[in-house]
2 protein chains.
Amino acid sequence: MQLEAIERRTTVDLVVDRIARVIKDQKLAAGSRLPGEHELVEQLQVSRPVLREALARLQSLGLVDIQRGRGTFVGDTTSLANCVRLLQSAVTISPQELLSYAELRSAIEVQAARQAAENATAKDIELLSALLKQLDDEELPYAEALEIDFRFHRKLIEIAGNVLMQNLMEVIYEFVLTQMVRTTPTQRENQLGRKLHKAILKAVRDHDPDAAELAMRKHMQAVLDRLRPQEFTNAK
Amino acid sequence: MQLEAIERRTTVDLVVDRIARVIKDQKLAAGSRLPGEHELVEQLQVSRPVLREALARLQSLGLVDIQRGRGTFVGDTTSLANCVRLLQSAVTISPQELLSYAELRSAIEVQAARQAAENATAKDIELLSALLKQLDDEELPYAEALEIDFRFHRKLIEIAGNVLMQNLMEVIYEFVLTQMVRTTPTQRENQLGRKLHKAILKAVRDHDPDAAELAMRKHMQAVLDRLRPQEFTNAK
DNA sequence: TCCTGTTAACATGTATTACAAGTTAACTCG
DNA sequence: CGAGTTAACTTGTAATACATGTTAACAGGA
């Protein structure tokens with residue numbers, strides 16, 4: 001006979017659920033005021049610290065907005081904002097390994113290149129073009145070239161128009177940029193990078209998502225290959 | 001003269017930031033134990049209710065996992081998933097938001113498929129194959145088919161071997177899965193999905209990253225196309 | 001009449017103390 | 001050696017008191 005685990009809920013859990021439910025069921029508008037703490041304590045028959053912990057949790061979820069001296073109000077949140085928050089947490093609890101970050105970067109850059117090719121305006125293309133022109137300067141110090149390189153990529157992400165990807169890429173850039181400043185690519189790698197940048201720009205200008213994807217994939221694969229252990233066999 | 005608003009931070013705010021920073025800066029592993037409440041109260045020189053409110057907030061974000069009698073731990077994938085579940089059930093998702101989630105999902109799934117094709121063991125392939133066999137059952141209720149579908153995808157992400165992407169996908173799946181339960185794909189979409197699942201499996205079995213990427217790209221593109229506003233022209 | 005200052009009422013923020021309830025390790029006994 | 005008990009540890013909850021911010025009402029002076 002297989003019995004299921006008994007689920008224990010703390011009083012704080014119950015209060016969180018109750019308040020969240022009331023907000024949802026009564027379709028309370030963002031900004032509408034909830035009863036004060038002392039009244040909620042009375043109504044829910046719980047202690048004030050329990051209520052405050054529940055409200056603290058709801059505040060983190062964006063479901064309520066606690067304003068000292070004024071009261072507690074229904075939060076003005078969106079699922080997108082919450083998703084961003086949770087994605088940040090997911091990043092924080094994940095191991096900080098350069099390869100992991102680079103793989104995620106690759107995933108996002110490729111998808112964003114497709115979307116940029118679909119979305120780009122003439123002005124966007126002009127700006128991307130100007131950035132690549134700056135990168136053509138052979139005298140450019142590496143750190144500066146890297147900075148402009150990342151601005152090119154950031155612009156593509158922006159054009160793609162997905163807030164989640166933008167937020168994640170800021171975290172990734174911060175981590176990856178720190179690491180990449182410490183390594184100098186070869187002349188050959190530089191030239192391949194430039195060539196692929198140009199191919200990406202052309203695909204975006206032509207509004208060709210498949211070409212953009214292909215060029216970005218190659219670009220990212222070159223970046224990943226530099227990071228992975230050198231394996232010359234595929235024996236598995 | 002224009003002065004800026006003075007930002008007031010409560011003690012709870014400060015404690016939240018401090019603990020989050022410690023977790024991040026010390027690269028604490030998911031599941032690692034934090035000092036007990038009484039010790040944290042001592043170290044941070046704040047009252048216990050303040051500390052508990054801060055921990056309650058961090059728990060809502062999935063950054064910590066509070067276990068009665070045992071201690072407080074850095075959040076892990078499971079505790080994060082529980083947070084996501086609670087949160088996403090409290091807010092409604094707009095079609096535009098759903099599209100954002102699906103785009104990020106697409107980015108990661110495609111990268112993961114490449115990596116799965118590089119990494120998969122015979123056992124992995126066997127398991128993937130068994131999942132697809134289950135999906136062949138035409139009598140399978142939609143909700144159940146969807147569940148197995150997501151297990152197939154989760155397995156691919158696992159094989160890819162990037163914990164960061166796994167954690168991010170746990171967040172995304174919660175947001176995406178709920179919506180998909182509510183919409184029933186057409187027979188044609190189902191068949192295309194099945195066909196592409198098989199192509200993905202074949203590519204993984206053959207250790208062919210390019211084929212895996214292509215099949216997954218098609219699969220994800222079909223998902224995205226269902227979500228996008230119906231535009232029949234590319235006039236831009 | 002209008003504006004400034006004061007006060008009281010209301011509301012959240014923080015601290016202290018005490019007890020409840022769950023977990024786990026160590027010890028004792030059969 | 002296994003089961004039961006106990007103590008130590010840990011989080012959960014309650015009660016009480018005070019601090020601090022907000023706002024409305026009122027009074028006084030120009």
Side-chain angles (χ1 to χ4, degrees), chain A residues 3-20 22-23 28 30-76, chain B residues 3-20 22-23 28 31-76 78-79 82-83 86:
Chain A
L3 298 180
E4 298 192 349
I6 294 176
E7 180 184 340
R8 270 161 303 191
R9 320 272 322 280
T10 64
T11 308
V12 175
D13 290 333
L14 299 178
V15 174
V16 168
D17 287 349
R18 170 66 67 79
I19 293 173
V22 167
I23 290 170
L28 299 184
S32 55
R33 193 173 175 287
L34 298 179
E37 287 179 7
H38 287 283
E39 196 178 331
L40 286 172
V41 162
E42 190 67 41
Q43 291 185 23
L44 296 173
Q45 287 293 301
V46 295
S47 74
R48 191 162 161 233
V50 162
L51 176 76
R52 287 189 59 84
E53 278 183 45
L55 289 174
R57 281 169 56 178
L58 290 164
Q59 179 173 28
S60 275
L61 298 177
L63 293 180
V64 302
D65 179 24
I66 302 168
Q67 298 178 27
R68 180 176 183 164
R70 293 181 186 172
T72 300
F73 303 85
V74 176
D76 181 15
Chain B
L3 297 180
E4 296 192 348
I6 293 177
E7 180 184 338
R8 268 162 303 192
R9 317 275 319 283
T10 64
T11 307
V12 175
D13 291 333
L14 299 178
V15 174
V16 168
D17 289 350
R18 171 65 68 79
I19 292 173
V22 166
I23 290 170
L28 298 185
S32 57
R33 193 174 175 286
L34 299 178
E37 287 180 7
H38 288 284
E39 196 178 330
L40 286 172
V41 161
E42 189 69 39
Q43 293 184 22
L44 296 173
Q45 287 293 300
V46 294
S47 74
R48 193 162 160 235
V50 163
L51 176 75
R52 290 188 57 83
E53 277 184 43
L55 289 174
R57 280 168 56 176
L58 290 164
Q59 179 172 30
S60 279
L61 294 175
L63 284 177
V64 303
D65 179 23
I66 301 168
Q67 297 177 29
R68 182 174 183 167
R70 292 183 186 172
T72 301
F73 303 84
V74 175
D76 59 14
T78 302
S79 62
N82 288 333
C83 290
L86 175 64

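Note that the structure is predicted; figures quoted are calculated from it, not measured. So that the names make sense, note that chain A is the first sequence line, chain B the second, and so on, each numbered from 1.
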Rounded distance [0.5 Å steps], CG in B:Leu44 versus CD in B:Glu39: 10.0 Å
Nearest-Å distance for atom pair NE2/P, residues A:His38 and D:dT16: 12 Å
Interatomic distance, A:Gln67 CD vs C:dA11 C1' [rounded to whole Å]: 11 Å
Interatomic distance, A:Leu51 CG vs D:dA15 C1' [rounded to whole Å]: 15 Å
Whole-Å gap separating C1' (C:dC10) and CD (A:Glu37): 12 Å
Gap between atom CG of B:Asp17 and atom CZ of B:Arg9 - 0.5 Å precision: 4.5 Å
Nearest-angstrom distance from the residue atom CZ of B:Arg68 to P of D:dG12: 7 Å
B:Arg52 side-chain N/O to D:dG12 phosphate OP1/OP2 under 4.0 Å: yes
Reported CG-to-CG distance for the pair B:Leu58 and B:Leu51, which is rounded to 0.5 angstrom: 9.5 Å
Sugar-phosphate, base or nothing in reach of B:Arg9, heavy atoms under 4.0 Å: nothing
Spacing of B:Asp13 atom CG relative to C:dT14 atom C1', expressed in whole Å: 13 Å
Phosphate-side-chain proximity, A:Ser47 and D:dT13, N/O vs OP1/OP2 below 4.0 Å: no
Contact nearer the 5' end of DNA chain C, comparing A:Pro49 with A:Gly69: A:Gly69
Interatomic spacing from CD in B:Glu53 to CG in B:Asp13 - rounded to 0.5 Å: 10.0 Å
Evaluation steps, side chain to side chain contact (heavy atoms under 4.5 Å, CB included), between A:Leu55 and A:Glu37: CA-CA 9 Å; A:Leu55 289 174; A:Glu37 287 179 7; 4.3 Å; yes
Any B:Arg48 side-chain nitrogen or oxygen under 4.0 Å from OP1 or OP2 of C:dT16: no
N or O in side chain of B:Thr72 less than 4.0 angstrom from D:dT10 OP1/OP2: no
Atom-to-atom span, CZ of A:Arg70 to P of D:dA24 - whole angstrom: 10 Å
A:Thr11 vs D:dG12: side-chain N/O to OP1/OP2 distance below 4.0 Å: no
Phosphate OP1/OP2 of D:dT11 contacted by A:Thr10 side-chain N/O (<4.0 Å): no
Gap between atoms CG and P, on B:Leu40 and D:dT10 respectively (whole Å): 11 Å
Contact under 4.0 Å: B:Arg8 side-chain N or O vs D:dT22 OP1/OP2: yes
